Amino acid sequence: QDKDEDVLPESTTLEATLESLERICGSRQRQIANLRDQYRKLEEINREHEEKAEATAAKERALRAEPSRAPAEHAELLERYREQVKDLAVELERKGGEAKRYSDLAREQKRYIIQSDRLSTSGFVRVGMRHP
């Protein structure tokens with residue numbers, strides 16, 4: 001037994017197809033824009049890495065040409081690393097403080113919820129006992 005289905009006019013099916021294609025094209029355009037943004041970001045990251053690699057290669061060439069410069073270069077590098085460690089320690093302390101504040105806030109909220117539940121439950125019991 002074949003079901004009798006209404007045959008839609010060709011214009012209706014063409015309109016539905018067009019709407020579907022327009023939605024698909026819109027999605028593809030957004031996807032293309034996102035991919036372009038990602039590509040630009042990757043190009044920027046790649047350029048930064050290439051610049052760092054070139055700077056490192058230049059330092060190596062300079063040190064090979066003048067090995068007596070190595071101790072001074074080493075001292076500069078150590079100083080930069082010490083500064084990074086200081087900055088990271090400050091950031092760690094700041095983040096630790098934030099974590100403690102959030103932990104305290106979570107505990108306070110939990111206590112508030114428990115207290116609210118107890119008050120609402122006991123309040124309903126008292127109201128129920130007073131009602132005739």
Side-chain angles (χ1 to χ4, degrees):
Q1 294 175 347
D2 291 324
K3 290 185 179 180
D4 290 329
E5 294 185 17
D6 292 333
V7 176
L8 296 174
E10 186 178 9
S11 62
T12 303
T13 58
L14 289 175
E15 284 178 19
T17 302
L18 180 61
E19 289 173 6
S20 177
L21 289 172
E22 286 173 344
R23 277 194 311 273
I24 291 169
C25 285
S27 295
R28 292 295 178 249
Q29 292 297 330
R30 287 188 299 277
Q31 186 180 30
I32 289 168
N34 287 334
L35 289 170
R36 283 186 178 140
D37 289 343
Q38 290 174 15
Y39 181 75
R40 278 189 222 106
K41 183 64 178 171
L42 288 172
E43 279 185 323
E44 180 182 329
I45 291 169
N46 185 47
R47 188 173 40 258
E48 289 171 3
H49 283 280
E50 286 177 347
E51 289 170 1
K52 285 180 183 178
E54 180 55 39
T56 302
K59 280 185 183 181
E60 180 191 11
R61 286 190 299 271
L63 286 172
R64 286 185 187 274
E66 191 179 338
S68 62
R69 175 91 176 95
E73 186 68 34
H74 183 254
E76 289 174 22
L77 187 61
L78 280 176
E79 186 57 34
R80 271 187 278 157
Y81 285 155
R82 286 185 182 114
E83 286 299 317
Q84 285 179 352
V85 168
K86 286 179 189 175
D87 293 344
L88 289 172
V90 168
E91 185 67 13
L92 178 63
E93 188 173 328
R94 189 177 70 78
K95 293 291 183 185
E98 284 180 16
K100 183 176 178 351
R101 282 192 296 279
Y102 286 127
S103 177
D104 292 346
L105 180 62
R107 264 195 304 281
E108 288 174 17
Q109 288 176 341
K110 184 176 179 181
R111 279 186 285 210
Y112 174 78
I113 290 170
I114 291 170
Q115 182 182 11
S116 295
D117 287 345
R118 287 180 182 162
L119 286 176
S120 65
T121 303
S122 64
F124 286 130
V125 171
R126 283 192 214 123
V127 169
M129 290 185 337
R130 281 188 272 164
H131 194 275

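If you're wondering where the values come from, they're calculated on a predicted model, not measured in any experiment.
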Quick one: pull up CD1 in Ile32 and CD in Gln29 and give me the separation to the nearest 0.5 Å.
5.0 Å

To the closest 0.5 Å, what do you measure between CG (Leu42) and CG (Leu35)?
10.5 Å

Begin from the C-alpha positions of Glu91 and Asp87 and carry the test side-chain contact (heavy atoms from CB on, under 4.5 Å) through to its verdict.
CA-CA 6 Å; Glu91 185 67 13; Asp87 293 344; over 6 Å; no

Take Ser27 and Arg23, measure what side chain to side chain donor-acceptor pair (under 3.5 Å) needs, and give me the verdict at the end.
CA-CA 6 Å; Ser27 295; Arg23 277 194 311 273; over 6 Å; no

Between Ser103 and Ala99, is there a donor-acceptor pair closer than 3.5 Å when you use the side chain of the first and the backbone of the second?
no

Evaluate whether atom CZ of Arg28 has more than 12 neighbouring non-hydrogen atoms of other residues, nucleotides or ligands under 6.0 angstrom away.
no

Distance, nearest 0.5 Å, that separates CG of Leu119 from CD1 of Ile114
12.0 Å

Residues pairing under side chain to side chain donor-acceptor pair (under 3.5 Å) where one sits in residues 66-83, two or more places apart or in two chains, turn out to be Lys59-Glu73, Arg69-Glu76

Between Asn46 and Glu50, does the side-chain contact (heavy atoms from CB on, under 4.5 Å) criterion hold? Intermediate values first, please.
CA-CA 6 Å; Asn46 185 47; Glu50 286 177 347; 3.4 Å; yes

When rounded to the nearest 0.5 angstrom, what is the spacing between CD1 in Ile113 and CD in Gln115?
11.5 Å

Decide, yes or no, whether a salt bridge links Glu44 with Arg47 under the criterion of side-chain N to carboxylate O below 4.0 Å.
no

Between Glu60 and Arg64, is there a side-chain N and carboxylate O pair less than 4.0 Å apart?
yes

Intermediate values then yes/no, side chain to side chain donor-acceptor pair (under 3.5 Å), Glu108 and Tyr112
CA-CA 6 Å; Glu108 288 174 17; Tyr112 174 78; over 6 Å; no

For Thr56 and Lys52, indicate whether the former's side chain and the latter's backbone hold a donor-acceptor pair under 3.5 Å.
yes

Going by the rule salt bridge (charged side-chain N to carboxylate O under 4.0 Å, His left out), which residues pair with Arg40 if we only count those two or more places apart in sequence or in a different chain?
Asp37

